[in-house]
Amino acid sequence: LSSFLGLDLEPESLPGDFGAVYQDFYEGMMSSLTELLPDLRKYSHLDMFTLPNCLYGDIAELAVARFCDQNDYHTSFHHELSPKYFRKNQVCLFYNHIDQVMLQLNEIAEKKGLVMGEDIKIISYNDSPICTLLCGGITTISVDFVKMGQQCAEMIKSGELSKIKADFKVIRRKTF
């Protein structure tokens with residue numbers, strides 16, 4: 001194996017011959033939201049929260065904006081958690097940092113008399129063990145990190161270099 005690089009972002013702009021397993025944030029977000037569209041249609045608006053310094057948040061926001069535009073669906077983008085952004089019967093997409101976000105959101109929801117997962121529907125980007133525990137389980141949009149690791153290992157073992165785009169999946173749980 002001459003060289004291997006595991007990446008978050010598509011390696012097309014990098015020179016050289018190397019193997020890679022990467023995420024296509026834009027396409028992954030688009031395809032996942034398309035899968036969720038029938039359920040999203042039950043609500044009039046999607047609020048996306050991307051905290052400052054969030055890696056690739058700009059790409060995810062572009063995908064969400066395009067998806068909403070193509071599907072005549074209303075969206076708002078927020079870069080902070082503030083009580084003014086939360087109301088009954090809304091869908092919130094949180095891009096990363098779900099563990100930090102949930103602590104703040106829980107406090108906001110309690111003060112406003114809202115129930116997370118019921119009054120505020122929650123979708124998180126990137127699955128993690130904490131997502132299985134919080135709110136009875138948080139619905140996520142995520143690559144299959146285990147499969148990504150297996151693909152990396154197989155490429156290293158075989159010595160065959162290729163560039164593999166990781167598959168995204170929606171993991172439906174109680175919050176949406």
Side-chain angles (χ1 to χ4, degrees), residues 8-9 23-148 165-176:
D8 269 343
L9 203 54
Q23 297 182 60
D24 183 335
F25 295 96
Y26 187 90
E27 181 55 40
M29 185 65 76
M30 291 288 289
S31 64
S32 297
L33 289 173
T34 298
E35 181 180 331
L36 290 168
L37 185 59
D39 291 324
L40 285 170
R41 291 265 185 231
K42 297 174 186 174
Y43 305 89
S44 62
H45 196 89
L46 173 68
D47 288 279
M48 181 175 183
F49 292 84
T50 308
L51 298 181
N53 301 320
C54 189
L55 197 58
Y56 309 123
D58 55 337
I59 297 170
E61 284 185 10
L62 284 172
V64 170
R66 180 173 178 225
F67 168 83
C68 289
D69 185 55
Q70 288 179 344
N71 291 284
D72 195 29
Y73 196 78
H74 301 284
T75 189
S76 297
F77 297 95
H78 311 287
H79 299 102
E80 66 175 345
L81 296 178
S82 171
K84 65 184 174 186
Y85 299 130
F86 297 98
R87 64 198 174 283
K88 193 172 180 123
N89 293 323
Q90 82 179 115
V91 178
C92 296
L93 171 60
F94 295 99
Y95 188 80
N96 288 342
H97 308 296
I98 194 64
D99 50 345
Q100 297 169 357
V101 165
M102 292 307 291
L103 292 173
Q104 291 176 303
L105 181 56
N106 187 57
E107 186 177 308
I108 291 169
E110 281 183 10
K111 287 180 181 176
K112 294 188 96 171
L114 300 170
V115 177
M116 294 189 312
E118 291 179 27
D119 296 324
I120 302 172
K121 298 298 182 182
I122 301 168
I123 304 167
S124 174
Y125 187 86
N126 275 347
D127 196 40
S128 70
I130 197 81
C131 291
T132 63
L133 301 172
L134 298 173
C135 300
I138 296 174
T139 294
T140 59
I141 294 171
S142 187
V143 295
D144 185 337
F145 291 107
V146 171
K147 184 176 178 183
M148 253 180 113
K165 181 168 49 171
D167 295 326
F168 274 77
K169 61 183 178 178
V170 173
I171 302 169
R172 291 178 182 263
R173 297 190 181 105
K174 187 177 176 185
T175 62
F176 187 77

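Reckoned from all heavy atoms, side chains included, excluding hydrogens, waters and symmetry mates.
- Atom CD1 of residue Ile123 and atom OH of residue Tyr95 lie 14.5 Å apart, to the nearest 0.5 angstrom.
- Heavy atoms from other residues, nucleotides or ligands lying under 6.0 Å from CD of Glu107 number 12 at most.
- Considering only residues two or more places apart in sequence or on other chains, Tyr26 meets the side chain to side chain donor-acceptor pair (under 3.5 Å) condition with Arg66.
- Residues meeting the ring pair (Phe, Tyr, Trp, His ring centres under 6.0 Å) test with His78, sequence neighbours left out: Phe49, Tyr85.
- Although no hydrogens or angles enter the test, the distance criterion places no donor-acceptor pair under 3.5 Å between the side chain of Asn71 and the main chain of Tyr73.
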Exercise. Would you check, one step at a time, whether the test side-chain contact (heavy atoms from CB on, under 4.5 Å) holds for Met48 with Thr50?
Key: CA-CA 7 Å; Met48 181 175 183; Thr50 308; 3.6 Å; yes

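- With rounding to the nearest 0.5 angstrom, the CG atom of Asp24 is 8.5 Å from the OG atom of Ser31.
- The side chain to side chain donor-acceptor pair (under 3.5 Å) check on Thr139 picks up nothing, with sequence neighbours excluded.
- When all heavy atoms of Phe168 and Phe25 are compared, the closest pair comes out as CZ-CA, 4.3 Å.
- Note that the CD1 atom of Ile171 and the CD1 atom of Ile141 stand 10.5 Å from one another [nearest 0.5 Å].
- Shown here for Ser124 and Ile138, the closest heavy-atom pair between the two residues is CB-CG2, 3.8 Å.
- At least one donor-acceptor pair under 3.5 Å links the side chain of Gln90 to the backbone N or O of Arg87.
- Heavy atoms only, all atoms of each residue included: His79 and Pro52 are closest at O-CD, 3.2 Å.
- Donor-acceptor pairing under 3.5 Å is lacking for the side chains of Ser142 and Asp127.
- Atom CD of Gln70 and atom CE of Met30 lie 4.0 Å apart (nearest 0.5 Å).
- Residues meeting the side-chain contact (heavy atoms from CB on, under 4.5 Å) test with Thr132, sequence neighbours left out: Arg173.
- Side-chain atoms of Ser76 and His45 include a donor-acceptor pair closer than 3.5 Å.
- To the nearest 0.5 Å, the span separating OG on Ser128 from CZ on Phe145 amounts to 9.0 Å.
- Judged by distance alone, the side chain of Ser32 and the main-chain N or O of Met29 form no donor-acceptor pair under 3.5 Å.
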Quiz item: Hey, mind stepping through Leu36 and Val170 against side-chain contact (heavy atoms from CB on, under 4.5 Å) and telling me if it holds?
Solution: CA-CA 8 Å; Leu36 290 168; Val170 173; 3.7 Å; yes

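- Distance check, rounded to the nearest 0.5 Å: CG of Asn106 to CD of Gln104 gives 11.0 Å.
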Self-check item: Working for side-chain contact (heavy atoms from CB on, under 4.5 Å), residues Phe77 and Asp47
Solution: CA-CA 6 Å; Phe77 297 95; Asp47 288 279; over 6 Å; no

Practice problem: Applying side-chain contact (heavy atoms from CB on, under 4.5 Å), run through Asn126 and Thr140 and close with a yes or a no. | Solution: CA-CA 6 Å; Asn126 275 347; Thr140 59; over 6 Å; no

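- In this structure Glu27 satisfies the salt bridge (Lys or Arg N to Asp or Glu O under 4.0 Å) test with no other residue, sequence neighbours excluded.
- In terms of heavy atoms, Thr175 sits closest to Cys135 at CG2-CB, 3.6 Å.
- The two residues Met148 and Ala166 come nearest to each other via the heavy atoms CG-CB, 3.6 Å.
- When all heavy atoms of Val64 and Leu33 are compared, the pair lying nearest together is CG2-CD1, 3.8 Å.
- With Thr75 contributing its side chain and Leu46 its backbone, the two residues share a donor-acceptor pair below 3.5 Å.
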Name each donor-acceptor pair under 3.5 Å that joins a side chain in residues 112-122 to protein atoms two or more places apart or in another chain, with its distance.
| unit_1 | atom_1 | unit_2 | atom_2 | d |
| --- | --- | --- | --- | --- |
| Lys112 | NZ | Pro83 | O | 2.7 |
| Lys112 | NZ | Phe86 | O | 2.6 |
| Asp119 | OD1 | Lys88 | NZ | 3.3 |
| Asp119 | OD2 | Val115 | N | 2.8 |
| Lys121 | NZ | Gly117 | O | 3.1 |

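- At least one side-chain heavy atom of Lys42 sits less than 4.5 Å from a side-chain heavy atom of Asp39.
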